[in-house]
Amino acid sequence: KQEVTQIPAALSVPEGENLVLNCSFTDSAIYNLQWFRQDPGKGLTSLLLIQSSQREQTSGRLNASLDKSSGRSTLYIAASQPGDSATYLCAVTNSGNTPLVFGKGTRLSVIA
Amino acid sequence: GAVVSQHPSWVICKSGTSVKIECRSLDFQATTMFWYRQFPKQSLMLMATSNEGSKATYEQGVEKDKFLINHASLTLSTLTVTSAHPEDSSFYICSAPHHGGEETQYFGPGTRLLVL
């Protein structure tokens with residue numbers, strides 16, 4: 001059974017710092033991996049989707065990498081801003097038609 | 001991109017009542033939809049898989065008679081929480097796989113249920 005772990009559970013950084021969020025998964029036979037952002041009391045915002053054949057994806061200040069063989073992904077946030085404060089969720093799926101398995105998330109606070 | 005809607009976004013109800021939540025794929029067809037539940041400060045956990053034209057499949061520990069799922073058409077799945085109790089208070093969110101150029105899943109905005 002696929003399990004997804006995210007480290008750290010919570011992180012507090014001063015504004016402007018670069019930071020890395022970690023995600024690991026137990027079954028490397030994934031179809032894709034997604035990083036989401038969730039604000040308190042809100043739904044999910046998809047940030048980056050990495051297909052199993054890809055190594056990384058970039059969007060603005062965000063860069064996500066995938067090492068499928070070792071079961072790891074990282075989300076790199078450059079020059080963090082207070083508006084980045086949210087919970088970041090990592091999720092994997094084994095095919096295009098199967099449900100996502102989520103990690104417990106990393107709660108990020110960026111202090112001005 | 002593809003859009004999935006949910007209705008209602010907020011529900012407050014008395015204990016013992018039933019609540020229906022709708023999940024719609026607005027611009028694509030979805031033979032499968034997934035229902036997740038998120039308790040406060042927890043991650044999303046899959047409750048059930050909704051299949052158009054057939055019975056839903058439920059995850060272990062999810063009571064199928066309590067959480068009724070009906071996938072009435074290729075764009076609509078409904079989740080009915082029957083005889084809701086305070087412990088059912090949670091954030092319910094659906095997703096639908098989209099088989100376009102990049103196969104991914106689109107999530108609805110979620111429904112927050114509070115049972116008094």
Side-chain angles (χ1 to χ4, degrees), chain A residues 1-11 21-26 30-54 57 59 64 66 86-109, chain B residues 1-10 21 23 28-52 56-60 62 77 89-114:
Chain A
K1 180 183 175 184
Q2 180 73 271
E3 293 184 1
V4 179
T5 302
Q6 290 188 247
I7 296 174
L11 182 62
L21 308 182
N22 297 290
C23 172
S24 62
F25 44 96
T26 54
I30 62 168
Y31 180 73
N32 63 39
L33 179 147
Q34 273 186 275
W35 283 93
F36 294 89
R37 168 185 174 139
Q38 187 175 31
D39 292 288
K42 302 293 184 181
L44 303 179
T45 299
S46 179
L47 298 174
L48 290 164
L49 169 73
I50 310 178
Q51 300 293 349
S52 61
S53 58
Q54 297 174 326
Q57 285 284 349
S59 176
L66 173 63
T87 295
Y88 291 81
L89 296 166
C90 169
V92 298
T93 186
N94 292 336
S95 79
N97 208 39
T98 54
L100 272 64
V101 178
F102 285 84
K104 293 185 177 181
T106 294
R107 191 168 63 256
L108 173 65
S109 296
Chain B
V3 177
V4 173
S5 70
Q6 272 184 250
H7 178 80
S9 57
W10 258 104
I21 303 170
C23 177
F28 66 100
Q29 294 183 336
T31 56
T32 301
M33 291 184 177
F34 302 109
W35 287 96
Y36 300 84
R37 179 169 55 183
Q38 184 181 36
F39 291 110
K41 308 219 172 177
Q42 300 292 315
S43 191
L44 279 77
M45 297 297 293
L46 179 70
M47 295 177 65
T49 300
S50 173
N51 304 296
E52 192 269 336
T57 54
Y58 292 81
E59 295 301 296
Q60 191 173 11
V62 178
S77 174
S89 299
S90 187
F91 186 61
Y92 293 86
I93 191 165
C94 68
S95 75
H98 180 254
H99 305 293
E102 186 176 75
E103 295 200 13
T104 187
Q105 294 191 27
Y106 290 92
F107 283 79
T111 297
R112 191 159 299 280
L113 171 64
L114 177 60

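As a basis for the values below, the full set of heavy atoms in this structure was taken, side chains included, without hydrogen atoms, waters or symmetry mates. Residue numbers begin at 1 in each chain, while the letters A, B, ... track the order of the sequences.
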Problem set entry | Donor-acceptor pair between A:Gln38 and B:Gln38 side chains, under 3.5 angstrom | yes
Seminar exercise, completed: Counting heavy-atom pairs under 4.5 Å with chain A, the top scorer among B:Pro97, B:Ala30, B:Gly110 is B:Pro97
Exercise. Does the side chain of B:Ser43 come within less than 4.5 Å of A:Leu89's, by heavy atoms?
Worked result: yes
Exercise. Using non-hydrogen atoms only, which part of A:Thr87 is less than 4.5 Å away from chain B: side chain, backbone, both, or neither?
Worked result: neither
Problem set entry | Distance, nearest 0.5 Å, that separates CD of B:Gln105 from CG of A:Asn32 | 8.0 Å
Exercise. Can you tell which of B:Thr31, B:Thr49, B:Leu46 has the highest number of heavy-atom pairs within less than 4.5 Å of chain A?
Worked result: B:Leu46
Problem set entry | Pair B:Tyr36-A:Leu100, side-chain contact (heavy atoms from CB on, under 4.5 Å): steps then yes or no | CA-CA 10 Å; B:Tyr36 300 84; A:Leu100 272 64; 3.7 Å; yes
For this session: Determine whether A:Thr45 and B:Phe107 make a side-chain contact, defined as any pair of heavy atoms from C-beta on separated by less than 4.5 Å.
Result: no
For this session: Decide if atom CZ of A:Arg107 counts as having more than 12 heavy atoms of other residues, nucleotides or ligands within a radius under 6.0 Å.
Result: no
Problem set entry | Contact origin within B:Leu44 toward chain A - heavy atom pairs under 4.5 Å | both
Exercise. Mind checking whether A:Ser46 and B:Tyr106 have side chains closer than 4.5 Å, heavy atoms only?
Worked result: no
Problem set entry | Side chain, backbone, both or neither of B:Thr32 within contact of chain A (heavy atoms, under 4.5 Å) | side chain
